Asker: 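Here it is, the structure in full.
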Amino acid sequence: MNTRLKNAMIWVFGALGGILWGYDTGVISGAMLFIRKDIELTPLLEGMVVSGLLVGAMLGAGLSGKLSDAWGRRKLILAASGTFILGTLAAALATQAWMLIVFRFVLGVGVGIASVVVPLYLTELAPKRIRGGLASLMQLLVTVGIFLAYVVDYLLHDSGAWRWMIGLGVIPAAVLAIGITVQPESPRWLVGKGRSDEARRVLTNLRGDASAADAELAEIEETVRGERALNESLTLSHLLSPGLRRVFLVGMLLVFFQNFVGINTIIYYAPTLLSDIGFGDSGAIMATMGVGALNMLMTLPAMRLIDRSGRKPLLLWGALGMCAAMVLLAVTNLAGLGYGALLSTLTLLGIGLYIASFAISWGPVQWVMLPELFPLRIRAAAVSLCVVFNWLFNMVVALLFPSLLQAVGAGLNFLFFAVTTALAFLFVRSLLPETKGRSLEEIEQSLLRGGTSPAAVEDSEPASVGAAR
């Protein structure tokens, strides 16, 4: 098998957890229309069914840092796939609201593990020149999973077979469990465990060039030696120390804004929103399927642009596009247009603009940047903590939105998200560093030795890298 094909297999199986994540978060939006007919749900219970997965994801993400350092990235991805299978089958067989909530929680544990370990795995295996595009592959497959969920929802909507909608998620979980068993471990994790010979073999297979592999291995080993010498400064408990406080704040704000710009209201509740403005169940699910397709397709240019234009420009333009979309949706809903073609058209236009702006920017960039920001020795633990809060913020939005929708209507909710997207723009412009074109070790040295501010990543960039741009 040639090097390019080997790499392709690694990226596909490594990112396949994204399909599981996307399918299980997206399928509930259409299934909820039919679950209500079999299981009595209040708006609060409806929010708990959706957010049960998110609470489980918090636990899974919280466990992932120590487990991925102890077991390795690959073994933990295998464990996540097993958890997916268990949670999916049990949720599909649930007969009461509490059962559905509990087993969605179990399913969420697998989602949380995947959300931490898959980005780590891809980031640590990817060559620096295309790391952003390859790490974005997981986000692409998240959107593929969401789209597949919408397609399944539409194909099964006539029968209302919500159990099949949920249960079919077992298929990609089984494929992942089989495929990941033949993939290599992260060379950076191997070096950290004193297994440099294995790391050299992995790098040689990945890069197809022994000299390039040796050079990269030497860089990793030097960084690991430096971290061990600075062990006291590189523990998770020191994330709030002067040396790491600001980069930790940047990571936390990144996950905060990715959730509070409103994406979850669209992904989880698009069919409900469309039903409320006059779409039938079939029309709402079909329109949502189009949203899923747009989400998937707009992630493709992001994978190309993230290593060319950089992380920051994508986030800035994405925030502006989302803000414009939320303003349009707020005005449309507050204007009292009533049911009709104009309301439907403007709502679909606003949702489309929002999804396109998110998919080309905030969707993939967060998952690329989080592993880039933190040093190797605490990378898994720091990313794990940030992702725990990612799922907490996700859960808050998912749990409260149905009740807020009923209490104040969609217009004021969209207005709130218009404000948060504007704040997200200001955050990126003033605080976020640019990390494209640099190895993980270069970024780490810049942050830990060249300055404590994230801006030091840009200011201390070697001339050769700057020239390459």
Side-chain angles (χ1 to χ4, degrees), residues 18 21-29 47 50-51 53-54 57 111 115 136 138-147 149-150 253-274 287-288 290-299 302 314-330 347-348 350-370 386-387 389-402 404-405 410 413-425 427-428:
W21 174 359
Y23 186 89
D24 289 312
T25 53
V27 75
I28 199 67
S29 64
V50 173
S51 60
L53 180 144
L54 307 176
V111 172
S115 67
S136 299
M138 189 194 74
Q139 178 62 22
L140 174 64
L141 291 183
V142 169
T143 66
V144 171
I146 293 172
F147 176 68
Y150 291 161
L253 287 174
L254 191 61
V255 299
F256 173 84
F257 281 115
Q258 202 219 33
N259 285 279
F260 277 90
V261 294
I263 183 60
N264 304 309
T265 63
I266 304 298
I267 297 299
Y268 298 143
Y269 296 111
T272 301
L273 289 168
L274 294 171
T288 305
V291 169
L294 181 63
N295 190 24
M296 178 176 63
L297 293 174
M298 290 303 294
T299 305
L314 288 183
L315 291 176
L316 289 169
W317 284 106
L320 289 176
M322 289 188 293
C323 186
M326 284 300 183
V327 169
L328 174 60
L329 289 169
T347 299
L348 288 174
I351 290 175
L353 175 59
Y354 179 88
I355 286 292
S357 300
F358 180 86
I360 203 170
S361 59
W362 287 81
V365 172
Q366 171 185 290
W367 302 107
V368 171
M369 289 200 73
L370 277 180
C386 287
V387 175
F389 278 90
N390 177 81
W391 290 112
L392 174 63
F393 300 145
N394 192 322
M395 181 195 68
V396 169
V397 175
L399 184 61
L400 296 182
F401 186 73
L404 291 174
L405 186 64
N413 282 281
F414 290 138
L415 190 59
F416 169 79
F417 291 125
V419 173
T420 59
T421 52
L423 293 175
F425 176 89
F427 154 67
V428 173

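Just so you know, these numbers come straight off a predicted model, no measurement behind them. No hydrogens, no waters, no symmetry mates; every other heavy atom, side chains included, goes into these values. Residue numbers run from 1 in the order of the sequence given.
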Asker: Applying side chain to side chain contact (heavy atoms under 4.5 Å, CB included), name anything that partners Thr143, two or more places apart in sequence or on another chain.
Answerer: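 Thr143 satisfies side chain to side chain contact (heavy atoms under 4.5 Å, CB included) with Gln139, Leu140, Asn295, Met296, Thr299 only.
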Asker: Nearest heavy-atom pair of Trp362 and Ala319: which atoms, and what distance?
Answerer: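 Taking every non-hydrogen atom into account, NE1-N, 3.7 Å.
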Asker: Any chance you could measure Thr421, atom OG1, to Phe414, atom CZ, to the nearest 0.5 Å?
Answerer: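 Here the rounded value is 12.5 Å.
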Asker: Looking only at non-hydrogen atoms, find the nearest pair between Ser361 and Leu314 and report the distance.
Answerer: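 Answer, listing the atom of Ser361 first, then Leu314: CB-O, 2.9 Å.
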Asker: Take Phe425 and Leu320 through the side-chain contact (heavy atoms from CB on, under 4.5 Å) test and state the conclusion after the steps.
Answerer: CA-CA 7 Å; Phe425 176 89; Leu320 289 176; 3.8 Å; yes
Asker: Rounded to the nearest 0.5 Å, what's the gap from OH on Tyr354 to CG on Leu294? Could you check?
Answerer: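 Spacing of OH (Tyr354) from CG (Leu294) equals 12.5 Å.
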Asker: Do Gln258 and Ile263 make a side-chain contact, defined as non-hydrogen atoms from C-beta onward lying under 4.5 Å apart?
Answerer: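 No, every pair of side-chain atoms sits at 4.5 Å or beyond.
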Asker: Phe417 and side chain to side chain contact (heavy atoms under 4.5 Å, CB included): which single residue from Thr420, Val419, Leu415 fits?
Answerer: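 Exactly one candidate clears the test, Thr420.
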Asker: Identify the two heavy atoms, one from Ala359 and one from Pro364, that lie closest to each other, and give their separation to 0.1 Å.
Answerer: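 So the minimum-distance heavy-atom pair works out to O-CD, 3.2 Å.
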Asker: When rounded to the nearest 0.5 angstrom, what is the spacing between SG in Cys386 and CG in Leu253?
Answerer: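 Result: 9.5 Å between the selected atoms.
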Asker: Sequence neighbours excluded, which residues qualify as ring pair (Phe, Tyr, Trp, His ring centres under 6.0 Å) partners of Phe256?
Answerer: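 So Phe256 forms a ring pair (Phe, Tyr, Trp, His ring centres under 6.0 Å) with Phe260, Phe393.
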Asker: I'd like to check the side chain to side chain donor-acceptor pair (under 3.5 Å) partners of Asp24; sequence neighbours left out, ordered by chain and number.
Answerer: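 Partners of Asp24 by the side chain to side chain donor-acceptor pair (under 3.5 Å) criterion come out as none, since no residue qualifies.
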Asker: Kindly indicate whether the side chain of Leu370, heavy atoms from C-beta on, has any atom under 4.5 Å from the side chain of Val255.
Answerer: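 Yes; the side chains approach each other to less than 4.5 Å.
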Asker: Hey, are the side chains of Asn390 and Trp367 touching, using non-hydrogen atoms and a 4.5 Å cut-off?
Answerer: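 Result yes, sub-4.5 Å side-chain heavy-atom pair found.
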Asker: Taking it one step at a time, do Ile360 and Trp317 satisfy side-chain contact (heavy atoms from CB on, under 4.5 Å)?
Answerer: CA-CA 9 Å; Ile360 203 170; Trp317 284 106; over 6 Å; no
Asker: If I take atom CG from residue Leu54 and atom CG from residue Leu392, how far apart are they, to the nearest 0.5 angstrom?
Answerer: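 Here the interatomic distance stands at 10.0 Å.
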Asker: Do Phe358 and Ile355 come close enough that some side-chain heavy atom pair is under 4.5 Å?
Answerer: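 Sidechains of Ile355 and Phe358: no contact.
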Asker: Atom SG in Cys323, atom CG in Leu328: separation rounded to 0.5 Å?
Answerer: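 Rounded to the nearest 0.5 Å, the SG-CG separation comes to 11.5 Å.
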Asker: Any donor-acceptor pair under 3.5 Å linking the side-chain atoms of Trp391 with those of Ser115?
Answerer: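 Side chains of Ser115 and Trp391: pair found under 3.5 Å.
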Asker: So, do Met326 and Val261 sit near enough that their side-chain heavy atoms are less than 4.5 Å apart?
Answerer: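 No, their side chains stay 4.5 Å or more apart.
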Asker: For atom CZ of Phe389, decide whether the heavy atoms of other residues, nucleotides or ligands shown that lie under 6.0 angstrom number more than 12.
Answerer: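 No - once you tally the heavy atoms of other residues, nucleotides and ligands closer than 6.0 Å, there are 12 at most.
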